[in-house]
Amino acid sequence: MTYQEGRTLMNFRSLVSPDVWRDLVERGRRRTFRRGSVLLCQGESPDSVIALIDGLVKVAQINECGVELTLSLRGPGEVLGEMGALLGLPRSATVTAVRPCTGLVLPAHAFRGYVERHRLDTVVYQLTVARLNSHERLRADLAHLPRVARMARIVSHLADEIGHPHGNDGLVVELGMARTELATMVSMSRSSALDALSQLQAARILTLGRRYLVINDVARLRAAARDEKQLPDGIGCEGDATVM
């Protein structure tokens with residue numbers, strides 16, 4: 001399977017014309033963010049949005065127990081904080097740069113005017129609903145799949161979101177963070193998550209880097225994510241310690 005086959009990338013830039021995206025870029029105030037910088041903070045006032053033109057960010061929420069849960073990674077072409085700005089609601093998540101980033105900051109009122117001027121209400125709604133549906137499908141899959149399939153599912157999801165071509169048929173997913181942070185995304189203990197990644201590497205589906213993953217065989221990864229047998233005999237086992 002090639003890079004494009006099965007890919008379901010959807011971000012704000014992919015849904016608007018080049019001229020409409022350019023208008024947003026031209027209206028924003030350019031800012032750079034170092035790795036580890038907080039771009040948006042959960043609970044704060046939605047007084048601005050950020051159009052990401054370079055870099056990678058992590059979207060996370062603090063739950064009622066005070067535990068940070070990584071929800072997703074976002075790359076160039078995203079607009080961050082848009083729903084809070086449109087609805088006047090506090091930020092629902094914290095967005096942190098996991099690589100150096102460049103963004104264009106617009107006041108919330110300017111973004112609302114931009115959306116109205118270009119009649120983008122439907123586009124923003126479409127993107128929000130698509131992401132909610134994707135998140136719900138992912139949560140449902142992770143609830144019943146065995147450990148290795150769950151890890152393959154989340155890696156496949158990240159590949160769709162932020163993957164880039166690697167070689168002839170592969171993909172690279174630049175996490176910008178330690179692989180152990182994937183544990184919270186799949187509701188596993190760190191040791192179980194690392195074991196699942198190691199099994200996918202032993203099967204030559206993945207190659208593990210310190211802050212990146214190389215998908216050597218996209219078709220086998222997607223099959224593993226569907227819990228179809230892709231691991232050699234003797235590799236893989238059921239059960240894991242779930243993060244509580």
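Put simply, the side chain of Ser37 gets close to the backbone of Arg34: a donor and an acceptor are under 3.5 Å apart. A distance-only check finds no donor-acceptor pair linking the side chain of Asp217 to the backbone of Arg204 [under 3.5 Å]. In terms of modelled atom types and a separation under 3.5 Å, the side chain of Thr70 and the main chain of Ala60 share no donor-acceptor contact. Using a distance-only test at 3.5 Å, with no hydrogens or angles considered, no donor-acceptor pair links the side chain of Ser156 to the main chain of Ala152. Of the possible donor and acceptor atoms, none in the side chain of Glu44 sits under 3.5 Å from a partner among the backbone N and O of Arg91.
Val38 is not connected to Phe33 by any chain of hydrophobic side-chain contacts under 4.5 Å among Ile, Leu, Val, Met, Phe, Trp and Tyr, and they are in different clusters. Placement of Val98 and Val186 within a single hydrophobic cluster is found when ILVMFWY residues are connected by side-chain heavy-atom separations under 4.5 Å, directly or transitively. Ile50 is not connected to Leu127 by any chain of hydrophobic side-chain contacts under 4.5 Å among Ile, Leu, Val, Met, Phe, Trp and Tyr, and they are in different clusters. In the hydrophobic cluster analysis, where Ile, Leu, Val, Met, Phe, Trp and Tyr join through side-chain heavy atoms closer than 4.5 angstrom, Ile53 is grouped apart from Val95. Under the 4.5 Å side-chain contact rule for hydrophobic residues, Val49 and Val123 share a cluster.
Across all non-hydrogen atoms, the minimal contact from Ser189 to Ala183 is O-CB, 3.9 Å. Annotation for Trp21 and Ala51: closest pair CH2-CB, 4.1 Å, computed over non-hydrogen atoms. In plain terms, the two heavy atoms of Arg147 and Ala196 that are nearest each other are CG-CB, 4.0 Å. The two residues Leu80 and Leu39 come nearest to each other via the heavy atoms CD1-CD2, 4.0 Å. Listed here is the closest heavy atom pair of Pro76 and Gly55: CD-O, 3.3 Å. Nearest heavy atoms, Asn216 versus Leu206: ND2-C, 3.4 Å.
Note: Lys58 NZ to Met177 CE = 6.5 Å, rounded to the nearest 0.5 Å. Atoms CD1 and CG, on Ile162 and Leu56 in that order, are 5.0 Å from each other to the nearest 0.5 Å. Here CG of Leu71 is found 7.5 Å from CE of Met185. Values are rounded to the nearest 0.5 Å. For the atom pair Ile215 CD1 and His166 NE2, the distance stands at 10.5 Å (nearest 0.5 Å). With values rounded to the nearest 0.5 angstrom, Arg112 atom CZ is found 12.0 Å from Asp121 atom CG. Expressed to the nearest 0.5 Å, how far CD of Gln199 lies from CG of Leu194 amounts to 11.5 Å.
By the 6.0 Å contact criterion, CZ on Arg210 is open, its count of non-hydrogen atoms from other residues, nucleotides or ligands being 12 or less.
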Working note: Leu24 + Val79, criterion side chain to side chain contact (heavy atoms under 4.5 Å, CB included); need CA distance, chi angles, decisive distance, verdict.
CA-CA 10 Å; Leu24 179 63; Val79 173; 3.9 Å; yes
Quick one: do Thr207 and Gln201 satisfy side chain to side chain contact (heavy atoms under 4.5 Å, CB included)? Show the steps, please.
CA-CA 5 Å; Thr207 298; Gln201 178 167 252; 4.3 Å; yes
Start with the C-alpha distance between Arg30 and Asp54, add both sets of side-chain angles, then the distance that settles salt bridge (Lys or Arg N to Asp or Glu O under 4.0 Å), and finish with yes or no.
CA-CA 11 Å; Arg30 187 182 184 92; Asp54 187 42; over 6 Å; no
Evaluate salt bridge (Lys or Arg N to Asp or Glu O under 4.0 Å) for Glu161 paired with Arg74, printing each intermediate quantity in order.
CA-CA 7 Å; Glu161 292 286 336; Arg74 301 292 185 204; 2.7 Å; yes
With side chain to side chain contact (heavy atoms under 4.5 Å, CB included) as the criterion, how do Leu158 and Leu182 come out once you've worked through the C-alpha distance, each side chain's angles and the decisive distance to 0.1 Å?
CA-CA 10 Å; Leu158 291 174; Leu182 291 174; 3.7 Å; yes
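Between Glu181 and Leu175, every side-chain heavy-atom pair lies at or beyond the 4.5 Å cut-off. Side-chain contact between Arg179 and Leu208 is present, with heavy atoms from C-beta onward closer than 4.5 Å. Taking the side chain as every heavy atom from C-beta outward, Val124 and Met83 approach each other to under 4.5 Å. Here the side chains of Asp160 and His157 are not in contact, with every heavy-atom distance at 4.5 Å or above. Counting only heavy atoms from C-beta outward, the side chains of Leu200 and Leu213 never approach each other to under 4.5 Å.
The pair Asp227-Arg150 does not meet the salt-bridge criterion, since no charged nitrogen lies less than 4.0 angstrom from a carboxylate oxygen. Salt-bridge annotation for Arg131 and Glu78: present, with a side-chain N of the basic residue lying under 4.0 Å from a carboxylate O of the acidic one.
Residue Val172 is found in a hydrophobic cluster whose other members, listed by chain and number, are Tyr212, Val214; membership requires side-chain heavy atoms under 4.5 Å apart, directly or through intermediates.
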